[in-house]
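Note sheet for the following structure.
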Amino acid sequence: MLIPLAVASLAVAAWAYLLAGHGWFWRTDQRLPAADPGPDQQAAVSAAWPDVVAVVPARNEAAVLPESLPTLLAQDYPGRLRVVLVDDESSDGTAEVAASLSEQAGSADPRLGERLQVVAGSPLPPGWAGKVWAMAQGLRAAGDAEYVLFTDADIAYRPGALTALVSSARASGKALVSQMALLRADTGWERLLIPAFVYFFAQLYPFRRINKPRARTAGAAGGCMLVRREALAVAGGLEPIRGARIDDVALGRLLKRPPSGGDCWLGFSTDVISQRRYSALAEIWDMVARSAYTQLRYSHLALAGTVAGMAVLYLVPVGATAAGLALLLAGGPGADVPAGQASWLLAAGIAAWAVMSATYVPVLRLSGLSPLRAPLLPAIGVLYTGMTISSARRHRAGRGGEWKGRTIQR
């Protein structure tokens, strides 16, 4: 009985630390300040707003572009905006769909029809990850714009979103301003697993720590990353992270460390929205398994530690609650386990489970879901642990980083 009590106590201590000592990772209050200049103010300052080029890497994204690209082309940004879509050797007519959407935008407003440039991506050179290579080609086509917005093909923007991004970046002088897109939570599997994706990401990279200038933690959200061009140039461009499989975290680290040494900011948003659909468990599984083992730097030791840590955090509270309750119900004269120890086991399990659930509530609310889903987090943790193990197995089988028909080797 001593070992289960010790493990249950460890789970309580771990959740107490995560609640109060891990950068408040579970809170969703890191938001851009409001920035909504009226038409008169926009006209008065339009000449002062910096040029922005949005770079959109797109590989076989014809299906989702009609829901995302028009919102980017139609941004009511008071300065000059161009959009460079890099067609990364697509086989589904991505470039043609993008051009058609640009024509439709131009028929409503000729200025919008002039914003898009489609770049035919060249073959992937050795040593480069596919998305970073597409980003690099878009960066070359961006000219001398002061800011570059790296954004995914599935990301839609509400009116004013880009203006708010640029306004924040200019006011703060930060090298990188990034926003975690609001992910879809419509299908059953999305509602179960997608909010947890954001939760676990924030647990790995607490946003408040990223936003502290002198903190070592660095990162970004790849769907929406506004970069000051000068800071990126000082850092050597994208060449230093050419092989990065997790490009957003790599870019955040690049811009936060010397020689760039620029401040970075990452927050949540309801104005930047992912239109990516996940209808089945297999689709979410593949999305996570593609990079989970890369996150562990291909280390078996890190994998074992992760599995053990996930068990303590997400399984032990449930097990301790069930075991403590069972022991109390079976107690009485002659019981093998004293009632005091069984009560402590039950209390430890309930406390850890309650704290765990409470930390999940803000992300659920951000996703528009009921807080009553929070106690399901242990089961979700088991699924994500399985995805991580699957990621390691795929890499060992030579299928690591497989994405849209392209396998990225280590």
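One-based numbering along the sequence shown.
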With a 4.5 Å cut-off on side-chain heavy atoms, are [Y] and [X] touching?
{"X": "I273", "Y": "I155", "answer": "no"}
{"X": "R242", "Y": "W133", "answer": "no"}
{"X": "V56", "Y": "D152", "answer": "no"}
{"X": "W26", "Y": "P206", "answer": "no"}
{"X": "P70", "Y": "Q104", "answer": "no"}
{"X": "L232", "Y": "V148", "answer": "no"}
{"X": "L238", "Y": "L139", "answer": "yes"}
{"X": "I380", "Y": "L192", "answer": "yes"}

Just by modelled atom types, is the [Y] backbone N or O under 3.5 Å from a matching donor or acceptor in the [X] side chain?
{"X": "Y360", "Y": "A196", "answer": "yes"}
{"X": "Y293", "Y": "Y298", "answer": "yes"}
{"X": "S299", "Y": "L296", "answer": "no"}
{"X": "R158", "Y": "T270", "answer": "yes"}
{"X": "D248", "Y": "G222", "answer": "yes"}
{"X": "W265", "Y": "L176", "answer": "no"}
{"X": "D263", "Y": "A175", "answer": "no"}
{"X": "S178", "Y": "M225", "answer": "no"}
{"X": "S391", "Y": "M387", "answer": "no"}
{"X": "T187", "Y": "Y278", "answer": "yes"}

Looking only at heavy atoms, which two atoms of [X] and [Y] are closest? And how far apart?
{"X": "G121", "Y": "V86", "answer": "CA-CG1, 4.2 Å"}
{"X": "S291", "Y": "I246", "answer": "O-CD1, 3.9 Å"}
{"X": "E190", "Y": "P195", "answer": "O-CD, 3.2 Å"}
{"X": "V64", "Y": "A153", "answer": "CG1-O, 3.8 Å"}
{"X": "L72", "Y": "A54", "answer": "CD2-CB, 3.9 Å"}
{"X": "A95", "Y": "D87", "answer": "CB-OD2, 3.5 Å"}

Are a donor atom and an acceptor atom from the side chains of [X] and [Y] found within less than 3.5 Å of each other?
{"X": "S122", "Y": "Q137", "result": "yes"}
{"X": "W285", "Y": "S390", "result": "yes"}
{"X": "D92", "Y": "T94", "result": "yes"}
{"X": "W344", "Y": "S9", "result": "yes"}

Which residues share a ring pair (Phe, Tyr, Trp, His ring centres under 6.0 Å) with F200, sequence neighbours left out: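 Testing F200 for ring pair (Phe, Tyr, Trp, His ring centres under 6.0 Å), a comparison that skips the adjacent residues, returns Y314, Y384.
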For [X], does the [atom1] atom have more than 12 heavy-atom neighbours from other residues, nucleotides or ligands under 6.0 Å away?
{"X": "R31", "atom1": "CZ", "result": "yes"}
{"X": "D144", "atom1": "CG", "result": "no"}
{"X": "E283", "atom1": "CD", "result": "yes"}

Chi angles and distances behind the ring pair (Phe, Tyr, Trp, His ring centres under 6.0 Å) call for W49, Y77: CA-CA 9 Å; W49 285 83; Y77 178 63; 5.6 Å; yes
What distance separates [X] [atom1] from [Y] [atom2], expressed to the nearest 0.5 Å?
{"X": "H22", "Y": "T359", "atom1": "NE2", "atom2": "OG1", "result": "11.0 Å"}
{"X": "Q117", "Y": "S102", "atom1": "CD", "atom2": "OG", "result": "11.0 Å"}
{"X": "L124", "Y": "R59", "atom1": "CG", "atom2": "CZ", "result": "9.0 Å"}
{"X": "K131", "Y": "D88", "atom1": "NZ", "atom2": "CG", "result": "11.0 Å"}
{"X": "E239", "Y": "L254", "atom1": "CD", "atom2": "CG", "result": "11.0 Å"}
{"X": "D76", "Y": "L162", "atom1": "CG", "atom2": "CG", "result": "8.5 Å"}

Please check if the distance between the ring centroids of F25 and Y199 is under 6.0 Å.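 Centroid separation for F25 and Y199: below 6.0 Å.
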Using 4.0 Å as the upper bound for N to carboxylate O, is an ion pair formed by R184 and D154?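 Not counted as a salt bridge, because no side-chain N and carboxylate O are separated by less than 4.0 Å.
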Output yes when E146 and R80 qualify as a salt bridge under the 4.0 Å nitrogen-oxygen rule, no when they do not.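 Result for this pair is no, no salt bridge flagged.
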Any pair with a residue in residues 361-378 that passes side chain to side chain donor-acceptor pair (under 3.5 Å), sequence neighbours left out, goes on the list, sorted by first then second residue, please.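 Checked against side chain to side chain donor-acceptor pair (under 3.5 Å) - neighbours excluded - no pair reaches residues 361-378.
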Check the pair L149, V55 against side-chain contact (heavy atoms from CB on, under 4.5 Å), reporting the backbone distance first and the verdict last. CA-CA 6 Å; L149 173 65; V55 173; over 6 Å; no
Between F150 and V227, does the side-chain contact (heavy atoms from CB on, under 4.5 Å) criterion hold? Intermediate values first, please. CA-CA 8 Å; F150 293 111; V227 178; 4.0 Å; yes
With side-chain contact (heavy atoms from CB on, under 4.5 Å) as the test, would you mind laying out the steps for M356 and L313 before giving the verdict? CA-CA 8 Å; M356 175 205 315; L313 288 175; over 6 Å; no
Please lay out, stage by stage, how W15 and W353 fare under the test side-chain contact (heavy atoms from CB on, under 4.5 Å). CA-CA 9 Å; W15 277 110; W353 199 349; over 6 Å; no
